[in-house]
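Keep in mind that this is a model prediction, so the values were computed, not measured. FYI, side chains are in, hydrogens and waters are out, and symmetry mates aren't considered; it's all heavy atoms of this structure. Letters A, B, ... are given to chains in the order of the sequence lines, protein chains preceding strands, and every chain is numbered from 1.
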Protein chains: 2
Amino acid sequence: MKYSQATDYALHAMLHLVTAVPNKPVGVQLLAEKLGVSQTYLSKMMTKLVKAGLIQSAPGANGGYRLRRKQEEISFLDIIHAIEGTASLFECSVNHGSECLIQQVVVDAERQMEQYLENKKIADLAKLMKTE
Amino acid sequence: MKYSQATDYALHAMLHLVTAVPNKPVGVQLLAEKLGVSQTYLSKMMTKLVKAGLIQSAPGANGGYRLRRKQEEISFLDIIHAIEGTASLFECSVNHGSECLIQQVVVDAERQMEQYLENKKIADLAKLMKTE
DNA sequence: CCATTAACGACTTTATGTATCCATAATAAC
DNA sequence: GTTATTATGGATACATAAAGTCGTTAATGG
Ligand code: SF4
Ligand code: SF4
């Protein structure tokens, strides 16, 4: 049970977009170089972020990606969900109904984590970003 | 990002042990039948639970598994950790030190979930267990 | 000794994640 | 319009982990 490395890349890519010059798109070429991953692979994650409505893409010369919403409106959970999907991390095969305690406990636990991640916005990251 | 099905099996196996007759071991044969999984596969998870100190095993005739601690002292987190391991669900490759916010946020989020799971004991499950 | 039952290791199969290459489409700049 | 630039999509290869099986060993009660 671990977050995929794709999530790691996506978080770092967003981190770079946050600190980029506003309204100036950043190409996947530059991002891939900084993260140490191939362009085509990273572009797949970027596409997921686009489809999730977090960033905006522009093809053509001087194109690239830029944030779609404000920094204060993009949470960690948004990014993670965009990459990992929104499926629950526990799904039993049988499902005896909603009165089941096992399911209830694990799903509630997951919600605890998600609430925490939802309240953390990437705007908080923009403050540092001197080391990276 | 999902819990393995092994965790599902382990939780249900523990659920059966909780409601079993005290001090009377339950064999893997019976458990596997109820869960709809092969004996050998389930026994691997049971062994993990034994090594984690959650249950006790007894070989030989009339052997099997029984709880090692009290019901009130076995949490969901204990079971999940025994099966899934205790590794953090986010580990970056570079690791720029402890001041990194990305790591901090995700790890803290995980801790939120774990605290919730730690406070939920399997004794709570013993109350129902009429449908299953 | 003998039947029973857990524990262990080797193995196969399947699924998922990781990653690359190539073709295509869309846009901006000229 | 032409061309260079950039994102998107599909096909493919590879690695890793999960899911499950099989055979053997070891310990215990009768
Ligand atoms: S007891 Fe709960 S978790 Fe288990 S099979 Fe039934 S509904 Fe699913
Ligand atoms: S910024 Fe944080 S998460 Fe990213 S590589 Fe550095 S230490 Fe790891």
**Student:** Identify all pairs in which a protein N or O lies below 3.5 Å from an N or O of nucleotides 6-11 of chain C, and state each distance.
**Tutor:**
| residue | atom | partner | partner atom | Å |
| --- | --- | --- | --- | --- |
| C:dA6 | OP1 | B:Val28 | N | 2.9 |
| C:dA6 | O3' | B:Ser57 | OG | 3.4 |
| C:dA7 | OP1 | B:Ser57 | OG | 2.7 |
| C:dA7 | OP2 | B:Thr47 | OG1 | 3.3 |
| C:dA7 | OP2 | B:Tyr65 | OH | 2.6 |
| C:dG9 | O6 | B:Lys44 | NZ | 2.8 |

**Student:** Are B:Val107 and A:Leu77 connected in a single hydrophobic cluster, I mean Ile/Leu/Val/Met/Phe/Trp/Tyr linked by side-chain heavy atoms less than 4.5 Å apart?
**Tutor:** no

**Student:** Could you pull out the protein-nucleic contacts involving nucleotides 14-19 of chain D (nitrogen or oxygen on both sides, under 3.5 Å)?
**Tutor:**
| residue | atom | partner | partner atom | Å |
| --- | --- | --- | --- | --- |
| D:dA19 | OP1 | B:Gln5 | N | 3.0 |

**Student:** Would you kindly give the CD-to-P distance between B:Gln56 and D:dT28, to the nearest whole Å?
**Tutor:** 12 Å

**Student:** Drop me the distance from B:Ile102's CD1 to A:Asp124's CG, to the nearest 0.5 angstrom.
**Tutor:** 11.5 Å

**Student:** Would you please say whether a donor-acceptor pair under 3.5 Å links the side chains of A:Tyr9 and A:Gln5?
**Tutor:** yes

**Student:** Starting at atom CG of B:Asp8, determine the distance to atom P of D:dG20, rounded to an integer number of angstrom.
**Tutor:** 11 Å

**Student:** Can you name the one residue among A:Leu54, A:Thr47, A:Leu49 that meets side chain to side chain contact (heavy atoms under 4.5 Å, CB included) with A:Lys51?
**Tutor:** A:Thr47

**Student:** Check the distance between D:dT8's C1' and A:Ile55's CD1 and give it to me in whole angstrom.
**Tutor:** 13 Å

**Student:** Give the rounded distance in Å between these two atoms: CD1 of A:Ile83 and P of C:dT18.
**Tutor:** 11 Å

**Student:** Nearest whole Å is fine: how far is C:dT18 C1' from A:Lys48 NZ?
**Tutor:** 12 Å

**Student:** Tell me the closest heavy-atom pair linking A:Leu89 and B:Met1, and the distance in Å.
**Tutor:** CB-O, 3.8 Å

**Student:** Can you see whether A:Glu84 engages A:Thr7 through a side-chain donor-acceptor pair at a distance of less than 3.5 angstrom?
**Tutor:** yes

**Student:** In whole angstrom, give the distance that lies between atom CG of A:Leu42 and atom P of C:dC21.
**Tutor:** 15 Å

**Student:** Do the side chains of B:Met14 and B:Leu67 get nearer than 4.5 Å, heavy atoms only?
**Tutor:** yes

**Student:** Nearest-Å distance, NZ (B:Lys2) to P (C:dG17)?
**Tutor:** 10 Å

**Student:** Closer than 4.0 angstrom, basic N to acidic O: yes or no for B:Asp108 and A:Lys120?
**Tutor:** no

**Student:** Between B:Pro25 and B:Asn62, which heavy-atom pair has the shortest distance, and what is it?
**Tutor:** CG-O, 3.8 Å

**Student:** Round to a whole Å and report the spacing from CZ of A:Arg68 to P of D:dA7.
**Tutor:** 16 Å

**Student:** Nearest heavy atom decides the nucleotide; on that basis, is A:Ala61 or A:Ser38 closer to the 5' end of DNA chain C?
**Tutor:** A:Ser38

